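These numbers were taken from a predicted model, which means no experiment stands behind them. Within every chain, numbering begins at 1; the chains are lettered A, B, ... in the order of the sequence lines, protein sequences first and strands thereafter.
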Amino acid sequence: MSEVRVRFAPSPTGLLHVGGARTALFNWLFARHFGGKMILRIEDTDTARNTPEAVAIIFKGLRWLGLEWDEGAQEGGGNLGDYGPYYQSQRSAVYQQYVTQLLAADRAYREADGAIRFRMPKTPGVVNDLICGKITFDRTTEPDPTIVRKDGTPVFHFVNVVDDLEMRITHVIRGEDHLSNTHKHIALFEALGAPPPRYAHIPLILNPGGSKMSKRDEGASIGEYIAQGYLPAAVRNYLCLLGWSPKDNREVINISEVIEKFDLPQINRGNARFDINKLYWINGEHWKSLTVTEYHQYARDYLTHRGVNTAAVDETYLTGVLDIVREKIKLGRDLPDWVEPFFNEEFAYDEKSLTVTLKEPAAKSRIEKLSAAFMTVSEWTAAKLEETLKSLAAADGVKVGAYVHPCRAGVAGRAVGPSLYHMLEVMGKERALARLRRTLTVIF
RNA sequence: GACCCUAUCGUCUAGAGGCCUAGGACACAUCCCUUUCACGGAUGCGACACGGGUUCGAAUCCCGUUAGGGUCGCCA
């Protein structure tokens, strides 16, 4: 087999759709598996929607997912490769040349209003799809498709074929929504005297309601995942699982292994529904396997992105907080809220602390006893603090919770949080005691 | 409406004639762990759309029905 050349050909609509991202992913996996090339072509013929920002969103999403392309459109309108330009808006001359060829061969004809139509062969159209198998279309009643509008601009089906031909595409991997039109594309290739590429139509991603996922559906945009602090490797992992499976009961799988195992015939034929819950879970799995350094870097970047000034926080304190908060969450999105009480000495008290925990008759005296005991603790470590707190509880003959809960509320204003002893250790003696004092004056 | 694709737990899937009284994961429920919330562990709930064939034997093959999705543009 000659070199595999696949392409991802999105049109800039203002977002990178999950369905598109999955199509890009499968193309990329196929190219990587066979050591071929992935080409990025921007189908920006719709001038109304085509803005530099909309194109930038595609680049950003693909780069974020780690789907690097070997050839094609580049940021800022550039082109990389020998078969460009890779922006359709720059290819009018190429299309014109092929229209002329079709007209000269009488494979196309001009309408009275100037539009140009392709003479559809009336013979059965056969598509030998790598995923769906051999499909035959009856074309006896098929109308001749328009390839050039009366205003002179070429239409999608035509430019798509010309570009795939010119760019030497060997395999077209795209959504199943294109399956019914594929025989037209093949007919166009034949009329142009070129062998068509192999086609592979992958199932669609459906929304939870069961219809084709649209831009408006929740979770439809890759940009949302970036904003909410999902890990790119997790989103990519989840997308792999929509229509493909390693077949050994694993869900969390390394991308290099996917590349190694990936091939077209094992792709499922049925559409898959998008399940944000499972993505959330997979993200948690990837979150856990981040190295400490990766996690710190990620958390710092995300918090900065969300407007938390991490540079203003003491380095040791910051990493200490990040470490104890990590196991509580699965997502960057949750970081700001969990971290907030640590960085704000004027922290607020949550509902439960206010109405239950600190309303306990003994709450005040327990916080006072805790403060006194903490004052003289020999070593400010989680273990020692635990020991201290537990001995106070034992002396009173109450459960540890009786001391833990008011202490947590007193020191962070929250009813839930990471291990109290570790929170105290990370806060340090001075800060913790100051916070308890503040609670004593503010609440009591 | 015509044409095309598809059909296993609520969801993603394993399953290519006997290994299936159908396996895993998410979600859900219960219990355990536990200072809270999570995590983790255990258990449970839960599916071969229906009807005909073929076969000694069918989730797996064939036909039909039904259901879902897609395409039928001078949108991409």
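For the pair A:Cys132 and A:Phe274, nearest-nucleotide mapping onto RNA chain B gives the more 5' position to A:Cys132. Annotation: of the two residues near RNA chain B, A:Gly417 and A:Leu242, the 5′-most nearest-nucleotide partner is A:Leu242.
The side chain of A:Leu179 lies closest to B:C5 when the candidates are B:U71, B:C5, B:A27. Each of B:C12, B:C72, B:U36 was ranked by its minimum atom distance to the side chain of A:Asn181; first place goes to B:C72. Of the candidates B:C39, B:U71, B:G24, the closest approach to any side-chain atom of A:Lys212 belongs to B:U71. Listed nucleotides: B:G70, B:G69, B:G24. Nearest to the side chain of A:Asn271: B:G69. Side chain of A:Phe137, nearest nucleotide from B:A27, B:C3, B:A76: B:C3. Comparing B:U35, B:G69, B:U13 by their nearest atom to the side chain of A:Ser245 picks out B:U13. Taking only side-chain atoms of A:His405, from C-beta outward, the nucleotide of B:G40, B:U36, B:U71 with the closest atom is B:U36. In the set B:U36, B:A76, B:A27, B:A76 carries the atom at the smallest distance from any side-chain atom of A:Ser11. Closest approach to the A:Val400 side chain among B:C39, B:C37, B:U35 is made by B:U35 (side chain taken as heavy atoms from C-beta onward).
For the 3.5 Å distance criterion, the side chains of A:Asn207 and A:Glu218 fail to qualify, holding no donor opposite an acceptor. Side-chain contact annotation: A:Asn79 with A:Gln74, donor-acceptor N/O pair under 3.5 Å absent. Counted by atom type alone, A:Tyr238 and A:Asp275 present zero donor-acceptor pairs between their side chains at under 3.5 Å.
Judged by atom type and distance alone, A:Ser419 does not reach the base of B:U36 through any side-chain donor-acceptor pair under 3.5 Å. Counting distance only, with no hydrogens placed and no angle test, the side-chain atoms of A:Arg408 and the base atoms of B:U35 include a donor-acceptor pair under 3.5 Å. Side-chain atoms of A:Lys278 and base atoms of B:A25 include a donor and an acceptor less than 3.5 Å apart. Side-chain to base pairing of A:Asp113 with B:C74: one donor and one acceptor N or O lie within less than 3.5 Å of each other.
Across all strands shown, B:C20 has no partner, as no Watson-Crick or G-U wobble contact with both distances under 3.5 Å is found. Across all strands shown, B:A2 forms a Watson-Crick or G-U wobble pair, both distances under 3.5 Å, with B:U71. Summarising the base pairing, B:G46 is matched to no nucleotide, lacking a Watson-Crick or G-U wobble pair whose two defining distances lie under 3.5 Å. With a cut-off of 3.5 Å on both pairing distances, the Watson-Crick or G-U wobble partner of B:C31 is B:G41. B:C61 and B:G53 make up a base pair, with Watson-Crick or G-U wobble contacts both under 3.5 Å. Figure legend. B:A14 is base-paired to no nucleotide; pairs are counted as Watson-Crick or G-U wobble with both atom distances under 3.5 Å.
B:G15 and B:C3 have their P atoms separated by 33 Å, with the value rounded to a whole Å. To the nearest whole angstrom, the two C1' atoms, one in B:A59 and one in B:C9, are 13 Å apart. On the P atoms, B:U65 is 24 Å away from B:U71, given to the nearest whole Å. Annotation: B:A25 and B:G40 have their P atoms spaced 12 Å apart (nearest Å). A distance of about 15 Å separates the C1' atoms of B:A27 and B:A47, rounded to the whole Å. Annotation: B:U66 and B:G51 have their C1' atoms spaced 10 Å apart (nearest Å). Across B:G17 and B:C56, the matching C1' atoms stand 12 Å from one another, rounded to whole Å. B:G68 and B:U8 have their C1' atoms separated by 15 Å, given to the nearest Å.
To the nearest angstrom, P of B:C5 lies 13 Å from CG of A:Asn128. The nearest whole Å value for the distance from the CG atom in A:Asp144 to the C1' atom in B:G73 is 15 Å. Between A:Trp281 atom CH2 and B:A27 atom P the separation is 8 Å, expressed in whole Å. A:His201 places its NE2 atom 11 Å from the C1' atom of B:C5, with the value rounded to the nearest Å. The distance from atom CD1 of A:Ile131 to atom P of B:A16 is 20 Å, rounded to the nearest whole Å. The separation between A:Glu142 atom CD and B:C4 atom P is 12 Å, rounded to whole Å. Atom OH in A:Tyr280 sits about 9 Å away from atom P in B:C39, given to the nearest Å. Summarising the geometry, the separation between CH2 on A:Trp338 and P on B:C39 is reported as 11 Å, rounded to the nearest angstrom.
With a 6.0 Å radius and a threshold of 12 heavy atoms from other residues, nucleotides or ligands, A:Glu351 has its CD atom at or below the threshold.
Backbone-only engagement by A:Arg273 is indicated by non-hydrogen atom pairs under 4.0 Å involving sugar-phosphate atoms exclusively. Using a 4.0 Å heavy-atom criterion, one finds that A:Leu420 contacts the bases of the nucleic acid, with or without backbone contacts as well. Using a 4.0 Å heavy-atom cutoff across all strands shown, A:Pro203 reaches no nucleic acid atom at all. A:Glu251 comes within 4.0 angstrom of a nucleotide base, judged by non-hydrogen atoms across all strands. As judged by a 4.0 angstrom heavy-atom cut-off over every strand, A:Lys247 is placed among residues touching the sugar-phosphate backbone only. Among the protein residues, A:Gly284 comes within range of no part of the nucleic acid, since none of its heavy atoms lies under 4.0 Å from any strand. A:Ala272 comes within 4.0 angstrom of the backbone, heavy atoms only, and of no base.
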* Asked: Under the salt bridge (Lys or Arg N to Asp or Glu O under 4.0 Å) criterion, do A:Asp337 and A:Arg414 qualify, and how do the steps go?
  -> CA-CA 11 Å; A:Asp337 187 54; A:Arg414 301 280 179 95; 3.5 Å; yes

* **Criterion ring-ring contact (aromatic ring centres under 6.0 Å, His included) on A:Trp28 and A:Phe262, from CA distance to verdict** => CA-CA 10 Å; A:Trp28 181 83; A:Phe262 187 86; 9.7 Å; no

* **Trace of the salt bridge (Lys or Arg N to Asp or Glu O under 4.0 Å) decision for A:Asp129 with A:Lys134** => CA-CA 6 Å; A:Asp129 194 271; A:Lys134 185 176 171 181; over 6 Å; no

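Considering only side-chain N and O atoms, A:Arg149 lies under 4.0 angstrom from the phosphate OP1 or OP2 of B:A76. For A:Thr146 and B:C74, the shortest distance from a side-chain N or O to OP1 or OP2 is below 4.0 Å. Within the structure, every side-chain polar atom (N or O) of A:Lys352 is placed at least 4.0 Å from both OP1 and OP2 of B:U36. Contact check, A:Thr45 against B:A76: a side-chain N or O comes under 4.0 Å of OP1 or OP2. Dashed line: the shortest gap from a side-chain N or O of A:Asn268 to OP1 or OP2 of B:A14 is under 4.0 Å.
Aromatic rings of A:Phe118 and A:Tyr109 (six-membered ring for Trp) have centroids beyond the 6.0 Å cut-off, not under it. Here the two rings, on A:His201 and A:His178, have centers that are 6.0 Å apart or farther.
For the atom pair A:Thr182 OG1 and A:Asn128 CG, the distance stands at 12.0 Å (nearest 0.5 Å).
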